[in-house]
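Have a look at the structure below, then the notes.
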Amino acid sequence: MEEKLAIAKGIAEKYGQEHILNFYEELSAEKKEELLDEILTMDFKELESLYESTKVKPNFENAKIEALPHITKAELTEEQKQKYTKIGEEIIKQGKLAVVTMAGGQGTRLGHSGPKGTYDLGLESHKSIFEILCDNVKNAREAYGVAIPWYIMTSEENNEETIQFFEKNNYFNYPKEKIQFFKQGTLPMLDTNGKILLNEEGMIKQAPDGHGGVFEAMRKNGIIYKMKEQGIEWIFISGVDNILAKFVDPIFIGVQAEEKRMTASKSVIKAYADEKVGVFCKRDGKPGVIEYTEISDDLAKALDEKGEFLLGDANIVNHQFHISVLEKISTEKLPYHIAFKKANYKDKNGKIIEATEPNAYKFEAFLFDIFSAVPDMLVFRVKREEEFAPVKNKEGKDSPETARQLYKKFYNL
Ligand code: UTP
């Protein structure tokens, strides 16, 4: 241990981060070990370059942005719909579909004290978001006679509480062995001087590494391997916060399988020019998503020859991959985006500082950055009222209130 401590000290000093051992002596033996392991395995060089990147203003203006073609579900002929549905149903019945929910986010905008999925949406049934999502696999089991494996990505912060919630609710009467949790990666948070923040315990303050961390986390936790062993071919991945997400959608699988498009995303038409959604596009000839924070006013308003938004396909975080693609992209390194957030921390005198203003950098990979590596990407446009009811904010737009209304309308409650 003494030797390990000396090495950790040396490394921390080399990178000007010696304060991360300030409270070492106050930690339990287990935590001491954990901290040393973190220091010994941390990529300090990467952290340095991440901090350097906070000083450069990102420049999106040089990229060539064009529309990405889509297929509109409502424009398929009856014959096509039947054909695709049949193909999709066959795939589901053969047990070749698995679903993944990304629930590792911090959900700061909602401000709920537990993991977002545990939020009671205020329906008469008092179903939590997780229970509403679980209905997807429960209904599919009834319809197709297969219990589809459901993988849930959590973070270091919310993993235990999430599992306890499922235990307490008896996995919503879905076979427990079909639900598996896995943790996403983390990255240290930095202050404005590039120093690593410490949490209340005096350990390194880590934050989830973004939804783009899902691929690496699936690989590192052996999920992709396990899926292959089980003969899974298609994987649907979505966020925890869309309560109308259709996890199991035969027509979506069918169209992808038949058109031989190994990566697909669902979209809905952007409601108005400055709606706060990312939109699908071609960036320098490659598929991608341009965030509302990156798009110029002119481009956000631009119309095509039909009078529709040129970039009108909003990303609703409903993606579906063939296992072959997932395996390949799980080794790709995605870029990190910078967020400036409020973060409580322990200062060098041991005082806990409660942040009232943003004070710390958080680094996140975005799932959609992977699309530039998958040239055959399909955008499948569906109806907003049927598939999109986001829970993001505490009140106002995209809040539990608006999501509840959309949900009730869809189910005629
Ligand atoms: P958001 O971008 O809405 O982030 O995530 P968030 O962390 O949940 O919410 P805010 O911004 O703090 O209010 C979109 C989806 O991606 C998941 C979220 O759980 C949500 O389902 N996500 C996000 C992760 O699983 N891990 C992350 O690191 C970030």
Side-chain angles (χ1 to χ4, degrees), residues 43 45-71 187 189-190 192 194 207 209-216 261-319 321 325 328-341 358 360-381:
D43 190 343
K45 267 211 152 31
E46 181 180 47
L47 266 191
E48 270 185 352
S49 71
L50 285 175
Y51 175 62
E52 286 310 311
S53 71
T54 64
K55 299 177 190 164
V56 189
K57 243 187 159 344
N59 181 3
F60 309 110
E61 267 145 38
N62 293 336
K64 185 171 173 222
I65 306 288
E66 298 163 283
L68 185 65
H70 60 260
I71 293 181
L187 277 172
M189 293 186 83
L190 301 181
T192 49
D209 62 357
H211 42 62
V214 65
F215 307 116
E216 191 183 21
R261 308 280 277 270
M262 301 295 117
T263 309
S265 286
K266 281 187 179 172
S267 73
V268 300
I269 300 178
K270 187 168 76 162
Y272 44 93
D274 57 356
E275 189 183 10
K276 288 188 170 173
V277 286
V279 286
F280 290 98
C281 67
K282 249 194 236 169
R283 197 192 284 259
D284 291 332
K286 291 178 177 168
V289 168
I290 180 161
E291 275 293 29
Y292 62 87
T293 44
E294 304 171 355
I295 199 166
S296 68
D297 261 8
D298 285 350
L299 201 51
K301 287 186 192 134
L303 303 178
D304 64 12
E305 65 282 358
K306 287 198 245 160
E308 295 171 357
F309 287 124
L310 179 70
L311 302 178
D313 281 295
N315 173 23
I316 57 169
V317 197
N318 273 204
H319 313 294
F321 297 88
V325 173
K328 183 170 161 278
I329 60 184
S330 67
T331 53
E332 298 264 341
K333 190 90 189 130
L334 291 178
Y336 289 110
H337 299 250
I338 304 155
F340 196 47
K341 298 257 178 182
Y361 294 113
K362 178 181 171 191
F363 303 97
E364 292 182 291
F366 293 164
L367 186 153
F368 51 73
D369 280 331
I370 205 67
F371 296 149
S372 62
V374 286
D376 68 342
M377 164 107 194
L378 166 76
V379 175
F380 191 56
R381 191 184 270 191

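Quantities reported herein were computed from a predicted structural model and do not represent experimental measurements. Sequence positions, counted from 1, serve as the residue numbers for this chain. Computation of the quantities below employed the complete heavy-atom set of this structure, encompassing side-chain atoms and omitting hydrogens, waters and symmetry-equivalent molecules.
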Check: In terms of side-chain geometry, is the basic nitrogen of Arg283 or Glu294 positioned less than 4.0 Å from the acidic oxygen of its partner?
Finding: yes
Margin query: Under the rule for ring-ring contact (aromatic ring centres under 6.0 Å, His included), what residues qualify as partners of Phe368, not counting sequence neighbours?
Written below: Phe366
Item checked: Residues which pass ring-ring contact (aromatic ring centres under 6.0 Å, His included) with Phe363, listed by chain and number, not counting sequence neighbours -> none
Next item on the list: Rounded to the nearest 0.5 Å, what's the gap from CG on Leu50 to CG on Leu190? Could you check?
Entry: 7.5 Å
Next item on the list: Nearest 0.5 Å please: distance from the NZ atom of Lys362 over to the CE atom of Met189.
Entry: 6.5 Å
Check: Do the side chains of Phe280 and Leu311 get nearer than 4.5 Å, heavy atoms only?
Finding: no
Next item on the list: Identify the heavy atoms of Asp313 and Ser267 that sit nearest to each other, and give their distance.
Entry: OD1-OG, 2.6 Å
Checklist line | Least distance between heavy atoms, Val268 atom then Ile316 atom | finding: CG2-CG2, 3.8 Å
Notebook entry, point to check: With sequence neighbours excluded, what pairs up with Tyr361 under the ring-ring contact (aromatic ring centres under 6.0 Å, His included) test?
Noted result: Phe340
Check: Side chain of Asp376, backbone of Met262: donor and acceptor closer than 3.5 Å?
Finding: yes
Margin query: Rounded to the nearest 0.5 Å, what separates atom CD1 in Ile329 from atom CZ in Phe321?
Written below: 4.5 Å
Check: If you measure from CG on Leu378 to CD1 on Ile71, what distance do you get to the nearest 0.5 Å?
Finding: 5.0 Å
Item checked: Smallest separation among heavy atoms of Ser265 and Phe371, with atom names -> OG-CZ, 3.5 Å
Check: Atom NZ in Lys333, atom CD in Glu216: separation rounded to 0.5 Å?
Finding: 5.5 Å
Check: What pairs meet the salt bridge (Lys or Arg N to Asp or Glu O under 4.0 Å) rule with one or both residues in residues 263-280, with sequence neighbours excluded?
Finding: Asp249-Lys266, Lys266-Glu387, Glu275-Arg384
Checklist line | Non-hydrogen atoms of Ala300 and Ala273 that approach each other most closely | finding: CB-O, 3.7 Å
Notebook entry, point to check: Any idea which heavy atoms bring Gly212 and Leu334 closest together, and the distance?
Noted result: O-CD1, 3.5 Å
Next item on the list: Mind listing the closest non-hydrogen atom pair of Asp369 and His337 along with its distance?
Entry: OD2-NE2, 2.6 Å
Next item on the list: Report the distance from atom NE2 of His319 to atom OG1 of Thr263, rounding to the nearest 0.5 Å.
Entry: 10.5 Å
Item checked: Residues in ring-ring contact (aromatic ring centres under 6.0 Å, His included) contact with Tyr292, at least two apart in sequence or another chain -> none
Notebook entry, point to check: Got a sec, which pairs hit side chain to side chain donor-acceptor pair (under 3.5 Å) with one end in residues 299-308, sequence neighbours left out?
Noted result: none
